[in-house]
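Below, all heavy atoms of this structure are taken into account, side chains as well, without hydrogens, waters or symmetry copies. Sequence lines set the chain letters: A, B, ... in the order given, protein chains first and strands last, and positions in each chain run from 1.
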Amino acid sequence: MQLVAERLTFQLLDVSYSVEGGRPVIEIWARDVKGRRLLLLDDTFRPYFYVLPQNGADLDKLAEELRRLSRPRSPVTSVEKVDMKYFGRPVTALRVTTLIPESVREYRDLAAKLPGVAEVLEADVRFSMRYLIDLNLYPMRWYVADAEPVNRSDIIADGAYRLVSRPSEEPSMADVDPLDGLRIMAFDIEAYNPQGSPNPSKDPVIIIGVAFNDGERLQLEAAGHSDKELIQKFVDVIRRKDPDVIVGYNQNSFDWPYLLERAKVNGVKLEVGRKRGAEPNPSVFGHISVQGRLNVDLYNFAEEIEEVKVKTLDEVADYLGVMPKDKRVNVDWWRIAEYWDDSEKRKTLLAYNMDDVTSTLGLAYQFLPFGAQLSQISGLPLDQVAAASVAFRLEMRFMREARKLGELVPNRAEEETRELETYTGAIVLEPKPGIHHNVAVLDFASMYPSIMVKYNVGPDTLLKEGEACERVNEAPGVRHRFCADRDAFFKRVLERFLKWRAEVKAAMKKYPEGSPQYRLLNERQRAIKVLANASYGYMGWAGARWYCRQCAESVTAWGRDLITRAASLARSLGLKVYYGDTDSLFVENDPEKVEKVIEGITKGLEFDIKIDKVYSRVFFTEAKKRYAGLTPEGKIDIVGFEAVRGDWSDLAKDTQAKVAEIVLRSDDVRKAVDYVRQVINDLRNGKVEVEKLIIWKTLTKSVDKYEAEAPHVYVAKMMEKLGFKIDVGSKIGYVIVKGDGPLSRRARPYFLVKPQDIDVNYYIDKQIVPAALRILSFFGISERELKAGGRQASLFDYINKK
DNA sequence: CTGAGCCGGGG
DNA sequence: GTGTACGGCTCAG
């Protein structure tokens, strides 16, 4: 049959590979301009790695020995000499090519043992990622290539092709919204949980809510307590709608594993991918891949929002304005079974599920445009870019830059050889405790990347003891020296980032704010900024390929120097400095003087600084990194306070938030003290529901695997004895009761505890009072005053305290 | 005090 | 799939 090649214009969505007939085949999942979902194959790519010889080694002899390692199943097909660079210095390396990706590890280990070998490099780059790097392909971007149609009966797609030319980027699509035209599905399951945490071996999935970006929303319900048909229907829905992107909230650690287990129990196949027979596949670090679709866990993006401490779906959706908390239905999760079994309450449960799904889709609209840009820039597929750490995203880009520069990519350090020494970090100026009015927050723009560029910081420019160089930058205090004779690898990459970002920002100005084009470019410049800002942390990350502790140490040293100089400048101009952290300064908002500070820093120190925000009121305690501010718009920022953490009781969290709000809005500390006393009184008088006192902790492994007996572990054991089935992932809710012995022994399952058993003093001393004092102590309020509980403090209180 | 171990979100 | 975290807290010693 005569095959006719077609010219395809397609968007690269995901990449994987398989081994067919003893040869690797790269599989690109894509959609083309006609809207077809396609599988594109390339069977011409081969795995390889580099061998770096020791100085003076005989390259031909070494090449011969490498060839002799060849095994028939995956022969060494070539060993070539290549001129490359390693940490900026020219080297000749040997490039070893083989056939089967899995054999690389074996050859790597054998090669490393040969005499004359200094290092084996790039043997740990995933094969499919290697392909994208080498062909300079970025997921979510558009390409043009010639391809021949092929038959593939094992996929659920509109067609399959074999690439016959290398894809080249389609410039006309560069500024098109990469999400435009993609089919997005959000889903959320509810599980039956009569005994606290649902147990997938017996508790059915009862509701699956699904929402699509075309507006369709639906809910699937179990028949009573049987979920076999429900799961089959869910698979059918995905087949019918054929989404490109599947989003959920924490679905990688809950919904997918739970559904997989339920499917197994019911003898159903969870065939939701675009490959026949393939189920979602749990991979490392909790990521789950769905073949041919981008499975994105939006919780990964939520984790990066520093301002929200408790990252539950309802909190995050509320913060982002996706769905206000007071406008949605909420059901306490431990009551889900109760709501399911009651026909009236079931309606509420369904509404709750639909609000969760709607919120999830809403979060997708918030996060995915940014994620898609990160994908286009870092080179990681959208599902992986979400799950990857910032350092890993940046490293992927570094590897591409290294290839362009002919640089060999260093290996990660062996775990045991990584230096564990810490170094001095950023400087935090002593806050001025109290409430301050009209405060401007000044922020250095990309401070650490700017330092790296200005002083040419990097492992390749770091001078060893006694090493000479013409132009040298020495970090203040720490004395590390960097050669400025040639540009550092980091500098080259960061300069490209900074230039690129400036271009994008300039292009943005051509569009009205709020237009789709503006939004697209804004997300792009943000993604570039996030990657650039990760470069400092990257150097100090022990897992980094370009790890350089001295570099990170030098950057913070320059940073401390800079912020100290900026604060002095502000003071010398007569401005009060209230606080500063790393790259920010909180100063009195006197516009004229502030302008002078900005000018002095820009021209004198040659770094960019700007007004980030203004607070009409802000208060600091004596503690660093904790403050609460009131913006001119009336919004309250609570930063750093720990009682907004998930493992504190609701009572402590509510109390602290309320105290912060009273103090900021009314300036009246007595009012706040009275409020706390009222809470304590209520607690003493048994007026607080046990539910407000529950402390929740998750069991991350089976009970008997714990060495230390934390309260929630002790309670889990107790629940097991009571006949509860406790599994990994169970959330244990406990309260502390009266009695003797260590705290752990006084923890009880909350549902077994009567209000009169509660150790009221624990909650007062360890929860309410510390949470409230975080704010109130600097107003001179003491523990005793809070605990006086409406009456005058007496000798009795004093003795009790002793 | 230091080090080891655990946690996050979900139901 | 040629294998990816991290910062903050608690408890034990």
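Following rounding to the nearest Å, A:L380 (CG) and C:dG3 (P) show an atom-to-atom distance of 16 Å. In this structure, A:W334 atom CH2 and B:dG10 atom P are separated by 13 Å, rounded to whole Å. We find that CG of A:D356 is positioned 12 Å from C1' of B:dG9, with the value rounded to whole Å. Put simply, NZ on A:K311 is 20 Å from P on C:dA5, counting in whole angstrom units.
Contact between the side-chain N/O atoms of A:Y249 and the OP1/OP2 oxygens of B:dG11 is not found at any separation under 4.0 Å.
Checked for salt-bridge contact, A:E691 and A:R335 meet the test: a charged N lies under 4.0 Å from a carboxylate O. A salt bridge between A:K311 and A:E315 is absent, with no side-chain N of the basic residue lying under 4.0 Å from a carboxylate O of the acidic one. Residues A:R412 and A:E395 are paired through a salt bridge, judged by an N-O separation under 4.0 Å between the basic side chain and the carboxylate.
Counting non-hydrogen atoms under 4.0 angstrom, A:E102 reaches a base of the nucleic acid. No contact: A:F301 has no heavy atom under 4.0 Å from any strand. Across all strands, A:D188 comes closer than 4.0 Å only to sugar-phosphate atoms, never to a base (heavy-atom distances). Contacts of A:D314 with the nucleic acid, taken as non-hydrogen atoms under 4.0 Å apart, are absent.
Put simply, A:W333 rests on the base of B:dG11: the two rings are less than 5.5 Å apart at their centres and nearly parallel, under 30°.
A gap of 31 Å separates the P atoms of C:dT4 and B:dG11, to the nearest Å.
For a distance-only test at 3.5 Å, the side chain of A:S253 fails to qualify as a donor-acceptor partner of the base of B:dG10.
In this structure, A:Y734 has its ring center no closer than 6.0 Å to that of A:Y714.
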